[in-house]
Amino acid sequence: MSTEPLIVLNGDLVPYGQATAHVMSPAMRYGLNVFEGLRAYWNAGENELHVFRLQDHLGRLAQSMKLLRFAPTFNVAELGPQLLDLLRANEIKDACHIRMSAYLDGDGEHHVSGPVSYFIASRVQPRSEKAVTGIRCAVSSWVRMADSAMPPRIKCGANYVNARLARFQALHDGYDDALLLNEHGKVGEGPGACVFLVRHGQLVTPDITSGILESITRDTMMALARDVGINVVERTVDRTELYAANEMFVAGSAAEVLPVVSVDGIELGDGRVGPATKALQAAYFSAVTGDSHRDKGWLTPVYGSA
């Protein structure tokens, strides 16, 4: 029996090394894939693994396929139970990151709509140490792609070339990560995370017409902020507001909640992780693991649903 972890490929559980696509597929040649990155969290007290906001991720995957004109022969709803089967088959009992991806298979050109294949993969992934210490960011010289060119609302693999360019530049220049402005010179988002800043006692985040992904984690953070009595404002954000912010953090399924302690070498607040960020971090970590008393409609149990 193979000791490799398993992956779902078109509905079948296959060993990791056998989950392959052809090099001449449109997915390989043109980056024609859409995907979701999501997480599952182990709750030791309940002896249960919870997938966070599974139905919302499935809905966004369906939206991405629709907007990119994919014509799948499968129903996206089928992927939910298959994901749970995968986590059980891999005996995951730790925090993990999950990738669901639908892609154009076969050997057609970039204008085809099928055939559409898909895979689901999981990997244990602990929390970054930067969640405690914070990160130092730089505003990139690369511009966030526009909805009229490469819509960020479509979570497409090809879109992340934009993120790669910005992140490599930031790392090369000695920073931990990048922040991108949109074509209007307003704040967009990070390479893989949305932006929040604290100004005048309010939590401010770029609105969804600022060239950002319609982030599920962004929606989560706004809901949690309102739960603890923090007013949330969605609007366009100027670059200099980043420097003037009392606190700042970026959030995403992979990044979770990462405090930002400086931008372009300018310390935010006193240069340490601020109280609002700490409170929202704690609320987020409690919500995703199921430790909070908040409505658990966001959580899908893995082993209890077997």
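What you are looking at is a predicted structure, and each value in this text was computed from that prediction instead of being measured.
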* Check the pair Arg199 / Val233 against side-chain contact (heavy atoms from CB on, under 4.5 Å), numbers first and verdict last. => CA-CA 10 Å; Arg199 292 210 70 201; Val233 179; over 6 Å; no

* Passes side-chain contact (heavy atoms from CB on, under 4.5 Å), Val232 versus Met221? Steps please. -> CA-CA 10 Å; Val232 181; Met221 298 310 301; over 6 Å; no

* Asked: side-chain contact (heavy atoms from CB on, under 4.5 Å) between Tyr30 and Leu104: does it pass, once the steps are laid out?
  -> CA-CA 9 Å; Tyr30 305 113; Leu104 287 181; over 6 Å; no

* Asked: When you look at Gln63 and Glu214, which way does the side-chain contact (heavy atoms from CB on, under 4.5 Å) test go after all the steps?
  -> CA-CA 11 Å; Gln63 174 181 276; Glu214 290 182 329; 3.6 Å; yes

* Step-by-step salt bridge (charged side-chain N to carboxylate O under 4.0 Å, His left out) determination, Arg53 to Asp219 -> CA-CA 11 Å; Arg53 299 193 67 167; Asp219 179 74; 2.9 Å; yes

* Begin from the C-alpha positions of Arg29 and Glu109 and carry the test salt bridge (charged side-chain N to carboxylate O under 4.0 Å, His left out) through to its verdict. => CA-CA 9 Å; Arg29 287 190 288 158; Glu109 294 299 320; 3.5 Å; yes

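Distance alone, capped at 3.5 Å, is enough to place a donor-acceptor pair between the Asp270 side chain and the Arg272 backbone. With hydrogens and angles disregarded, a donor-acceptor distance shorter than 3.5 Å links the side chain of Thr217 to the backbone of Ser253. Counting only distance, with no hydrogens or angles, the side chain of Asn162 and the backbone of Val143 share a donor-acceptor pair below 3.5 Å. Although no hydrogens or angles enter the test, the distance criterion places a donor-acceptor pair under 3.5 Å between the side chain of Asn43 and the main chain of Thr289. Between the side chain of His200 and the main chain of Gln202, no donor-acceptor pair closer than 3.5 Å is present. Panel note: side chain Glu48, backbone Tyr303; a donor-acceptor pair is recorded below 3.5 Å. Looking only at distances, a side-chain donor or acceptor of Asn159 sits under 3.5 Å from a matching main-chain atom of Ile154. Between the side chain of Asn182 and the backbone N or O of Ser210, at least one donor-acceptor pair lies under 3.5 Å. Ser25 places no side-chain N or O within donor-acceptor distance of the main-chain N or O of Asp107, the cut-off being under 3.5 Å. Ser113 places no side-chain N or O within donor-acceptor distance of the main-chain N or O of Ala71, the cut-off being under 3.5 Å.
Nearest heavy atom pair, residue Leu68 against residue Cys156, reads CD2-SG, 4.0 Å. Residue Leu6 comes nearest to Leu13 through the heavy atom pair CB-CD2, 4.3 Å, listed as atom of the first residue, atom of the second, then distance. A pairwise comparison of heavy atoms in Asp238 and Val187 identifies O-CG2, 3.7 Å as the closest pair. Across all non-hydrogen atoms, the minimal contact from Ile120 to Met100 is CG2-CG, 3.8 Å. Of all heavy-atom pairs spanning Pro152 and Met145, the tightest one is CG-O, 3.6 Å. When all heavy atoms of Gly290 and Leu299 are compared, the pair lying nearest together is CA-CD1, 3.5 Å.
Side-chain contact of Arg167 with Tyr160: a donor-acceptor pair under 3.5 Å is absent, judged by distance alone. Between the side chains of Glu78 and Tyr118, no donor-acceptor pair is found at a separation under 3.5 Å. Between the side chains of Tyr175 and Gln169, no donor-acceptor pair is found at a separation under 3.5 Å.
Arg153 contributes atom CZ, which lies 12.5 Å from atom OG of Ser215 (distance to the nearest 0.5 angstrom). Remark: Leu83 CG to Thr300 OG1 distance equals 8.5 Å, nearest 0.5 Å. Atoms NZ and CG, from Lys296 and Asp291 in turn, are 7.0 Å apart once rounded to the nearest 0.5 Å. Atoms CG and CG, from Leu61 and Leu79 in turn, are 6.5 Å apart once rounded to the nearest 0.5 Å. Of the inter-residue distances, the one linking Ile92 atom CD1 with Ile98 atom CD1 reads 8.5 Å to the nearest 0.5 angstrom. Interatomic distance, CD1 of Ile135 versus CE of Met248, reported as 7.5 Å (0.5 Å rounding).
Enclosure of atom CZ in Phe74 by more than 12 non-hydrogen atoms of other residues, nucleotides or ligands within 6.0 angstrom is indicated. Remark: Arg127 CZ is packed, more than 12 non-hydrogen atoms of other residues, nucleotides or ligands lying under 6.0 Å away. Surrounding CZ of Arg69 are at most 12 heavy atoms belonging to other residues, nucleotides or ligands under 6.0 Å away. Remark: Trp142 CH2 is loosely packed, at most 12 non-hydrogen atoms of other residues, nucleotides or ligands lying under 6.0 Å away.
Side chains of Arg88 and Leu84 form a contact here, defined as non-hydrogen atoms less than 4.5 Å apart. Counting only heavy atoms from C-beta outward, the side chains of Ile266 and Ser262 never approach each other to under 4.5 Å. In this structure, Glu4 and Gln18 have side chains that are not in contact, with every pair of non-hydrogen atoms separated by 4.5 Å or more. At least one side-chain heavy atom of Ile208 sits under 4.5 Å from a side-chain heavy atom of Arg218. Taking the side chain as every heavy atom from C-beta outward, Leu179 and Val195 approach each other to under 4.5 Å. Within the 4.5 Å cutoff, the side chain of Leu268 has no heavy atoms near those of the Leu197 side chain. In this structure, Arg99 and Arg123 have side chains that are not in contact, with every pair of non-hydrogen atoms separated by 4.5 Å or more. Pro259 has its side chain within reach of Gln281: a pair of non-hydrogen atoms, C-beta onward, lies under 4.5 Å apart.
Leu213 and Leu165 are members of different hydrophobic clusters when ILVMFWY side chains are connected at heavy-atom separations under 4.5 Å. Both Trp298 and Leu280 sit in one connected hydrophobic cluster of ILVMFWY residues. Membership requires side-chain heavy atoms under 4.5 Å apart, directly or through other members. If you chain together hydrophobic residues whose side chains sit under 4.5 Å apart, Val288 and Val302 never meet in one group. Val260 and Leu171 fall into different hydrophobic clusters, defined by Ile, Leu, Val, Met, Phe, Trp and Tyr side-chain heavy atoms under 4.5 Å apart, directly or through other members.
Checking each of Ser117, Pro26, Ser101 against Asn33 for a side-chain contact (heavy atoms from CB on, under 4.5 Å) leaves exactly one that passes, namely Ser101. Among Asp173, Asp264, Asp176, the single residue meeting the salt bridge (charged side-chain N to carboxylate O under 4.0 Å, His left out) criterion with Arg136 is Asp176.
A salt bridge links Glu36 to Arg60: one of the charged nitrogens lies within less than 4.0 Å of a carboxylate oxygen.
Relative orientation of the Phe196 and Phe249 rings is parallel, given thresholds of 30° and 60° on the angle between their planes.
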